[in-house]
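The block underneath contains the structure these notes are about, expressed in structure tokens.
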Amino acid sequence: MTERPCEAASDGIAMLRYEIRAEIWVYPGKGGWHFVTLPAEFAACIKAAMAGLARPWGSLGVTAVIGETRWSTSLFPDKASGSLLLPVKASVRQREQLKAGDTTELTIEVEL
């Protein structure tokens with residue numbers, strides 16, 4: 001895992017990789033979406049690296065990896081925490097045998 005958040009591993013010129021450990025939680029509203037809140041220091045680095053690349057609603061397109069599962073997704077800004085949220089879809093949780101309350105290691109890959 002990366003000890004200094006802004007010192008991401010690089011896969012060449014246009015890719016940054018952040019290794020994170022965080023807990024999966026369920027949004028209390030309709031739909032029961034599952035998320036991971038990125039540690040604030042990693043979120044700050046990702047926001048800085050992707051400045052000007054935000055999509056609608058401030059989302060940032062990334063690739064996420066948990067265990068053997070890799071998927072394209074978006075990070076979403078969270079006003080409550082000031083961080084970024086990673087949605088963890090049901091197929092990923094099932095494949096990796098994860099549930100709300102589990103802490104998992106994950107990788108966020110950012111293409112610049």
Side-chain angles (χ1 to χ4, degrees):
M1 301 227 325
T2 306
E3 290 187 27
R4 294 187 176 136
C6 290
E7 291 183 18
S10 177
D11 278 351
I13 297 171
M15 174 79 71
L16 297 175
R17 178 179 290 128
Y18 298 91
E19 296 178 354
I20 300 165
R21 185 169 176 80
E23 182 178 333
I24 298 172
W25 56 275
V26 179
Y27 181 76
K30 185 178 180 180
W33 284 85
H34 287 64
F35 293 95
V36 166
T37 302
L38 301 187
E41 61 273 15
F42 285 96
C45 295
I46 293 170
K47 288 177 189 178
M50 297 185 76
L53 300 176
R55 298 174 176 172
W57 298 286
S59 67
L60 301 169
V62 299
T63 298
V65 181
I66 295 178
E68 299 297 317
T69 307
R70 169 186 296 272
W71 75 103
S72 293
T73 188
S74 294
L75 299 175
F76 295 90
D78 179 40
K79 290 181 184 178
S81 68
S83 188
L84 294 169
L85 303 180
L86 169 71
V88 183
K89 55 189 184 176
S91 61
V92 173
R93 296 190 318 273
Q94 291 166 354
R95 194 172 303 130
E96 298 298 329
Q97 300 179 0
L98 295 169
K99 62 187 179 316
D102 288 346
T103 298
T104 187
E105 291 186 13
L106 60 112
T107 302
I108 302 294
E109 297 175 346
V110 176
E111 288 187 42
L112 301 174

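These values consider heavy atoms only, across backbone and side chains, with no hydrogens, waters or symmetry-generated copies.
In plain terms, the two heavy atoms of Tyr18 and Leu16 that are nearest each other are OH-CD1, 3.5 Å. Contact detail for Met50 and Gly61: the closest heavy-atom pair is CE-O, 3.4 Å.
Shown here are the side-chain hydrogen bond (donor to acceptor under 3.5 Å, both in side chains) partners of Gln94, two or more places apart in sequence or in another chain: there are none. Thr63 pairs by the side-chain hydrogen bond (donor to acceptor under 3.5 Å, both in side chains) definition with nothing, not counting sequence neighbours. Lys99 is linked by a side-chain hydrogen bond (donor to acceptor under 3.5 Å, both in side chains) to Asp102, counting only residues two or more places apart in sequence or in another chain. Under the rule for a side chain to side chain contact (heavy atoms under 4.5 Å, CB included), Ala40 has no partner lying at least two apart in sequence or in another chain. A search for side chain to side chain contact (heavy atoms under 4.5 Å, CB included) contacts involving Thr107 returns Arg17, Glu19, Val65, Glu109, not counting sequence neighbours. Applying the side-chain hydrogen bond (donor to acceptor under 3.5 Å, both in side chains) rule to Trp25 yields the partners Thr37; only residues at least two apart in sequence or on another chain are considered. Every residue two or more places apart in sequence or in another chain that forms a side chain to side chain contact (heavy atoms under 4.5 Å, CB included) with Ser74 is listed here: Arg55, Ser59, Phe76.
In terms of hydrophobic clustering, with Ile, Leu, Val, Met, Phe, Trp and Tyr side chains grouped at heavy-atom distances under 4.5 Å, Phe35 and Val62 are assigned to different clusters. Residue Ile20 is grouped with residue Val36 when hydrophobic side chains (ILVMFWY) are merged at heavy-atom distances under 4.5 angstrom, including chains of intermediate members.
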Yes or no on side-chain contact (heavy atoms from CB on, under 4.5 Å) for Thr104 and Glu96, after CA distance, side-chain angles and deciding distance? CA-CA 10 Å; Thr104 187; Glu96 298 298 329; over 6 Å; no

What side-chain donor-acceptor pairs closer than 3.5 Å can you find for residues 77-90, not counting sequence neighbours?
| from | atom 1 | to | atom 2 | distance (Å) |
| --- | --- | --- | --- | --- |
| Asp78 | OD2 | Ser81 | N | 3.2 |
| Asp78 | OD2 | Ser81 | OG | 2.7 |
| Ser81 | OG | Ser83 | N | 3.1 |
| Ser83 | OG | Leu38 | O | 2.5 |

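Shown here is Glu23, whose CD atom has more than 12 heavy atoms of other residues, nucleotides or ligands within 6.0 Å.
For residues 56-68, no residue pair satisfies the salt bridge (charged side-chain N to carboxylate O under 4.0 Å, His left out) rule, not counting sequence neighbours.
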